[in-house]
Amino acid sequence: MLPLLMQIPVINRSRHPLPEYQTAHAAGLDVRANLAEPVTLKPLQRALIPTGLFLEIPVGYEVQVRPRSGLAYKHGIGIVNSPGTIDADYRGELKVLLVNLSDQEFVVQDGERIAQLVVARHETVAWQPAAALTETQRGTGGYGSTGVQ
Ligand SMILES: O=c1ccn([C@H]2C[C@H](O)[C@@H](COP(=O)(O)OP(=O)(O)OP(=O)(O)O)O2)c(=O)[nH]1
Ligand SMILES: [Mg+2]
């Protein structure tokens with residue numbers, strides 16, 4: 001018996017199928033570029049790639065736009081603002097900010113699976129101004145404070 005899956009209203013103005021889980025228990029849904037013509041990324045160049053998708057994410061959830069490791073490993077393609085954050089109140093087109101971190105040109109093709117979308121629950125918090133915080137062993141340590149071995 002499949003668990004009841006969360007329903008997310010979507011408008012698909014692209015020429016491509018909706019994002020899909022590629023395997024039974026994948027965390028992310030691969031999302032495709034919706035391009036009238038290919039986009040060439042020179043080394044260190046970035047581009048905002050449209051998907052043609054418009055989502056209505058339930059309140060209390062976000063969609064994270066994450067890189068695909070295959071594009072990163074084989075071509076040095078990443079996402080500048082990884083993970084991108086799609087807010088529940090956003091009604092614009094979902095876009096992917098790709099960057100080419102390799103020393104070779106990369107051509108993004110129409111319909112190519114360029115990223116993956118992870119739907120995640122998030123808290124919405126209110127700040128509680130405090131005069132002091134509890135002491136911890138880490139304290140103010142960061143940026144490698146625990147060493148490397
Ligand atoms: O990879 C991304 C990141 C964001 N967005 C859209 C959806 C998101 O809800 C909106 C705002 O994103 P973010 O809050 O990261 O950008 P900002 O620089 O804070 O812009 P704003 O002032 O509009 O919030 O932009 C995308 O389509 N793709
Ligand atoms: Mg913002």
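Note that the coordinates shown come from a computational prediction; the quantities given were computed from them, not determined experimentally. Only this structure's heavy atoms are used, side chains among them; waters, hydrogens and symmetry mates stay out. Atoms within a ligand are numbered from 1 in the order they appear, just like the ligands themselves.
Tracing side-chain contacts under 4.5 Å through hydrophobic residues (I, L, V, M, F, W, Y), one never reaches Leu48 starting from Leu94; they form parts of separate clusters.
In terms of the side-chain hydrogen bond (donor to acceptor under 3.5 Å, both in side chains) criterion, residue partners of Asp30 (sequence neighbours excluded) are, by chain and number, Arg68, Arg113.
At a 4.0 Å heavy-atom cut-off, the residues surrounding ligand 1 are Asn81, Gly84, Thr85, Ile86, Asp87, Tyr90, Glu93, Leu94, Lys95, listed by chain and number.
Side chain of Gln149 to main chain of Gly147: no donor-acceptor pair is present (N/O by atom type, distance under 3.5 Å, no hydrogens or angles). With hydrogens and angles ignored, the 3.5 Å screen pairs no side-chain donor or acceptor of Gln45 with any backbone N or O of Val99.
Screening residues 95-126 for ring pair (Phe, Tyr, Trp, His ring centres under 6.0 Å) gives His75-Phe106 as the qualifying pairs, with residues at least two apart or on separate chains. Each side chain to side chain donor-acceptor pair (under 3.5 Å) pair with one or both residues in residues 91-107, not counting sequence neighbours, appears once here: Asn100-Ser102.
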